[in-house]
Chemist: 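Sharing a structure here in structure tokens format.
All values derive from a computational prediction rather than experimental measurement. Per chain, numbering begins at 1; letters A, B, ... match sequence-line order.
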Amino acid sequence: MSETQTLHAAFAAKIDAVLDALEAEAVLPAGVARGNVAVEPPRDPAHGDLSTNAAMVLAKQAKTNPHALAEKLVEKLSTDPLIEAAEIAGPGFINLRLDDSNWLREIEAIAALQGDYGRSTRGAGRTVNVEYVSANPTGPMHMGHCRGAVVGDALAALLEYAGHPVVREYYVNDAGAQVQTLARSAHLRYREALGEDIGEIPEGFYPGDYLKPIGKALADEFGDSYVGAPESEWLTIFREKSVAAMMDMIRADLAMLGIHHDVFSSEAVLQAAGKPEAAEAWLRSHDLVYDGLLEAPKGKVLEDWEAVELPLFRSTRFGDDQDRPIRKSDGNWTYFGADLAYHMQKAEQADELIDIWGADHAGTVKRIKAAVAALSEGQGKPIPFDVKLVQMVQLLRNGEPVKMSKRSGNFITIADMVEEVGKDVVRFTMLTRKPEAQMDFDFAKVVEASKDNPVFYVQYAHARISSTLRKAAAEGITPSGDHLDLLGVDEMSLVKQAAQFPRQVEAAAQAREPHRIAFYLYDLAAAFHAYWNLGNDDAEKRIILTDNVDLTASRLFLAVQVAQVIRNGLALLGVEAVEEL
RNA sequence: GCGCCCGUAGCUCAGCUGGAUAGAGCACGAGACUUCUAAUCUUGAGGCCACAGGUUCGAAUCCUGUCGGGCGCGCCA
């Protein structure tokens with residue numbers, strides 16, 4: 001067994017073994033379906049450390065009632081020396097209270113594994129490709145990209161920690177009309193850099209000042225040779241140069257958030273390699289692409305609608321409202337046509353795919369899922385594919401919406417945000433809400449130093465531990481695990497909270513919900529703050545007792561492990577733990 | 001009109017894929033600093049889990065419908 005088997009998993013295995021035994025005794029039918037058997041900590045700690053619904057779920061199959069079956073289970077579980085008590089409760093729950101030795105060993109496990117405590121092999125080496133951000137390379141990263149970027153990055157880290165090789169990927173849309181507009185806008189700035197008065201930036205061009213340095217660089221490189229030249233001579237080169245510059249800028253913005261991708265896939269390269277043609281050919285050979293008339297969009301009245309014959313993908317076969325064109329009437333690929341080929345390419349290199357999209361792209365989920373489902377059939381293996389939609393963030397300042405106008409490029413960039421409130425605040429705040437719910441981000445509130453602000457609350461717990469260790473060191477006491485048996489019931493409840501971490505990681509990874517880690521850390525911090533304050537009422541419960549070195553060393557040892565778990569959790573969120581506030 | 005997401009305490013939100021008496025924070029009431037950081041803790045009050053049906057031992061959670069809010073809906077990206 002791997003060294004990271006969790007306490008929780010170990011007891012789940014014990015219960016499984018008992019069910020095996022009951023099968024052997026024909027109390028349960030052979031091969032009984034156990035899919036719904038759950039082993040988890042009860043909500044109410046008074047009910048014990050672990051609880052299972054096995055008797056309730058299996059009673060019908062065993063042709064008996066839950067209580068009778070529970071008695072058989074309890075009988076066997078009670079003989080385990082690591083189980084202090086097994087009791088039947090409520091409609092047939094079995095509550096287990098674990099022997100304290102389990103928890104003491106868990107403290108030692110944290111100490112031994114350190115940064116790897118909570119890491120698991122559950123992912124079984126299955127490679128997951130996580131595509132996130134993928135903002136168009138036409139300007140700096142702004143707020144609209146931020147949440148998806150943070151959620152995608154935390155999810156990638158979480159999956160990695162749970163045993164998946166992870167590819168962090170960014171799809172660069174460098175082949176469409178928008179990057180042509182970028183090139184033309186850069187050409188304006190190029191002429192400006194050469195001294196021409198270009199006046200107001202016309203409609204249909206990107207107005208932002210961020211293109212000025214690009215214009216300057218182009219002027220430095222090419223002189224005035226493209227000033228009066230026809231577009232055909234400079235469009236491609238200007239496009240490539242400005243996209244490259246935009247991507248440098250985007251990478252720098254992402255780096256401010258601590259985000260780094262492994263792979264940047266270019267749409268232009270994908271097309272040059274003929275990937276969309278290959279996808280089309282395969283789909284046509286399976287009757288999944290046909291030439292047909294594109295229907296007018298439903299529910300909208302369009303006077304100028306003209307049905308045109310186009311190559312259409314049969315996404316209706318997979319639940320979409322209508323079949324979707326993969327090429328435009330000028331023969332070029334639609335965004336969808338190229339994206340389809342792109343997903344095919346990703347699927348060749350990974351076992352599972354996850355896309356993180358903004359909620360404004362929700363309308364295209366069905367067609368891309370349809371496409372991957374179709375490709376799945378072609379590959380002869382299912383390609384698990386998940387699109388996570390990240391809802392909008394509303395920016396506020398003291399409760400007032402922050403105004404943004406796209407015109408004149410006056411929007412809040414990620415760089416602005418990070419400079420104002422800091423990377424850790426941005427990341428943690430974005431992860432304290434489930435991604436599919438809308439959220440407000442109030443610049444004033446997120447920097448508040450109070451328990452209303454989870455970032456500080458968790459950081460404060462870590463800082464308090466650091467400060468305690470400094471104080472103890474000054475008293476000449478260092479943490480030691482030699483006398484952990486001196487620890488009492490208050491310490492046990494803190495350990496129990498810390499020991500939930502591996503299970504939380506697994507559950508969060510399985511559900512693809514990194515925000516669960518943030519909420520868990522808040523709870524762990526609360527448990528520590530509560531433990532700390534016991535010393536306010538009872539001086540004997542203070543961590544540092546200069547007249548009891550062994551107990552103090554043991555409490556410090558525990559505190560060190562709690563800090564370790566906080567660090568491990570924060571690391572998954574990409575937030576740094578601090579030594580002091 | 002259609003699709004997707006959301007609706008839980010006065011406010012902001014959790015709720016571990018169907019479990020036991022639905023939980024936190026803010027705000028409100030009452031308490032705890034000669035201290036290892038009171039940036040914290042303890043405690044009280046506060047609920048038709050939007051509404052109506054259904055599924056089953058059991059529903060905030062799953063299904064159907066209604067209402068309310070958000071996002072989206074051309075060969076754009």
Chemist: From the list A20(B), G19(B), A77(B), which nucleotide is the closest neighbour of the side chain of His47(A)?
Modeler: A20(B)

Chemist: Take atom CD of Gln438(A) and atom P of C13(B), then tell me their distance rounded to the nearest Å.
Modeler: 9 Å

Chemist: Is any side-chain N or O of Arg327(A) under 3.5 Å from a base N or O of C75(B), one able to act as donor and the other as acceptor?
Modeler: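 Check fails, no donor-acceptor contact within cut-off.
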
Chemist: Using heavy atoms to find the nearest nucleotide of RNA chain B for Lys471(A) and Asp44(A) separately, return the residue whose nucleotide is more 5′.
Modeler: Asp44(A)

Chemist: In whole Å, what separates the P atom of C62(B) from that of G19(B)?
Modeler: 11 Å

Chemist: Which whole number of Å gives the distance between the C1' atom of A52(B) and that of C67(B)?
Modeler: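 Comparing C1' positions in A52(B) and C67(B) gives a spacing of 11 Å.
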
Chemist: Given C41(B), G15(B), G3(B), identify the nucleotide with an atom nearest to the side chain of Arg43(A).
Modeler: G15(B)

Chemist: Using every non-hydrogen atom in the two residues, find where Arg327(A) and Glu280(A) come nearest and quote the distance to one decimal.
Modeler: NH2-OE1, 2.9 Å

Chemist: Between G18(B) and C49(B), how far is it from one C1' atom to the other, in whole Å?
Modeler: 15 Å

Chemist: Applying a 3.5 Å limit to both distances, which nucleotide forms a Watson-Crick or G-U wobble pair with G25(B)?
Modeler: C11(B)

Chemist: Nearest to the Phe93(A) side chain among C36(B), G19(B), C71(B), which nucleotide is it?
Modeler: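 Looking only at side-chain atoms, Phe93(A) lies closest to G19(B).
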
Chemist: I'd like to know if Arg284(A) pairs up with Asp291(A) as an ion pair, taking the criterion as any Lys NZ or Arg NE/NH1/NH2 lying under 4.0 Å from an Asp or Glu carboxylate oxygen.
Modeler: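 Salt bridge: yes.
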
Chemist: Taking only the side-chain nitrogens and oxygens of Arg516(A), find out if one of them lies under 4.0 Å from OP1 or OP2 of C16(B).
Modeler: no

Chemist: Could you check how far CG of Leu294(A) sits from P of G74(B), rounded to whole Å?
Modeler: 10 Å

Chemist: Met56(A) side chain: which of A77(B), G19(B), C2(B) is closest?
Modeler: G19(B)

Chemist: For C28(B) and U34(B), measure between their P atoms and round to the nearest Å.
Modeler: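 It comes out at 25 Å once rounded to the nearest Å.
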
Chemist: Classify the side chain of Asp360(A) versus the base of A77(B) as yes if they form a donor-acceptor pair under 3.5 Å and no if they do not.
Modeler: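 Answer no: no donor N or O sits under 3.5 Å from an acceptor.
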
Chemist: My understanding is that a pair needs two contacts under 3.5 Å, Watson-Crick or G-U wobble. By that rule, which nucleotide pairs with U66(B)?
Modeler: A50(B)

Chemist: Rounded to whole Å, how long is the line connecting atom CZ of Arg433(A) with atom P of U12(B)?
Modeler: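 Result: 10 Å.
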
Chemist: Tell me the partner of C73(B), counting only Watson-Crick (N1-N3 plus N6-O4 or O6-N4) or G-U wobble (N1-O2 and O6-N3) with both under 3.5 Å; none if nothing fits.
Modeler: G1(B)

Chemist: Under 4.0 Å: is that the gap between some side-chain N or O of Lys445(A) and OP1 or OP2 of U12(B)?
Modeler: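 No, no such contact exists.
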
Chemist: Does Thr432(A) get its side chain close enough to the base of A14(B), under 3.5 Å, for a donor-acceptor pair?
Modeler: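 Counting by modelled atom types and ignoring angles, no donor-acceptor contact under 3.5 Å is found here.
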
Chemist: Report the nucleotide, chosen from C4(B), A77(B), U40(B), that has the shortest atom-to-atom distance to any side-chain atom of Gln178(A).
Modeler: A77(B)

Chemist: Suppose you measure atom P in G10(B) against the same atom in C6(B); what distance do you get, rounded to whole Å?
Modeler: 22 Å

Chemist: Please find out if less than 6.0 Å separates the ring center of His47(A) from that of Phe93(A).
Modeler: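 No, the ring centres sit 6.0 Å or more apart.
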
Chemist: With P as the reference atom in both, quote the distance from U8(B) to A50(B) in angstrom, rounded to an integer.
Modeler: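 Comparing P positions in U8(B) and A50(B) gives a spacing of 6 Å.
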
Chemist: Check this for me: does the side-chain of Ser329(A) come within 3.5 Å of the base of C75(B) through a donor and an acceptor?
Modeler: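 Result: at least one qualifying N/O pair found.
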
Chemist: With C1' as the reference atom in both, quote the distance from A9(B) to G44(B) in angstrom, rounded to an integer.
Modeler: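 Comparing C1' positions in A9(B) and G44(B) gives a spacing of 14 Å.
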
Chemist: Taking atom C1' in both U17(B) and A60(B), compute the distance separating them and give it to the nearest angstrom.
Modeler: 13 Å

Chemist: More 5' along RNA chain B: Glu267(A) or Asn536(A), using each one's nearest nucleotide?
Modeler: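 In this pair, the answer is Asn536(A).
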
Chemist: With both distances under 3.5 Å as the test, what is the Watson-Crick or G-U wobble partner of U42(B)?
Modeler: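 Base partner found: A30(B).
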
Chemist: Give, for atom CG of Leu570(A) and atom CZ of Phe428(A), the distance between the pair rounded to the nearest 0.5 Å.
Modeler: 6.5 Å

Chemist: Heavy atoms only: give me the nearest Lys366(A)-Asp321(A) pair and the separation to one decimal.
Modeler: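 Heavy atoms of Lys366(A) and Asp321(A) come nearest at NZ-OD1, 4.5 Å.
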
Chemist: Any strand is fair game: report the nucleotide pairing with C57(B) by Watson-Crick or G-U wobble, both distances under 3.5 Å, or none.
Modeler: G19(B)

Chemist: If you check the Glu436(A) side chain, which of A77(B), C5(B), G19(B) turns out closest?
Modeler: C5(B)

Chemist: Mind checking whether Tyr161(A) and Phe501(A) have parallel, tilted or perpendicular rings, split at 30° and 60°?
Modeler: tilted

Chemist: For His361(A) and A77(B), do the ring centres fall under 5.5 Å apart while the planes stay under 30° apart?
Modeler: yes

Chemist: Please check if the distance between the ring centroids of Phe441(A) and Phe443(A) is under 6.0 Å.
Modeler: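 Phe441(A) vs Phe443(A): aromatic centres under 6.0 Å.
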
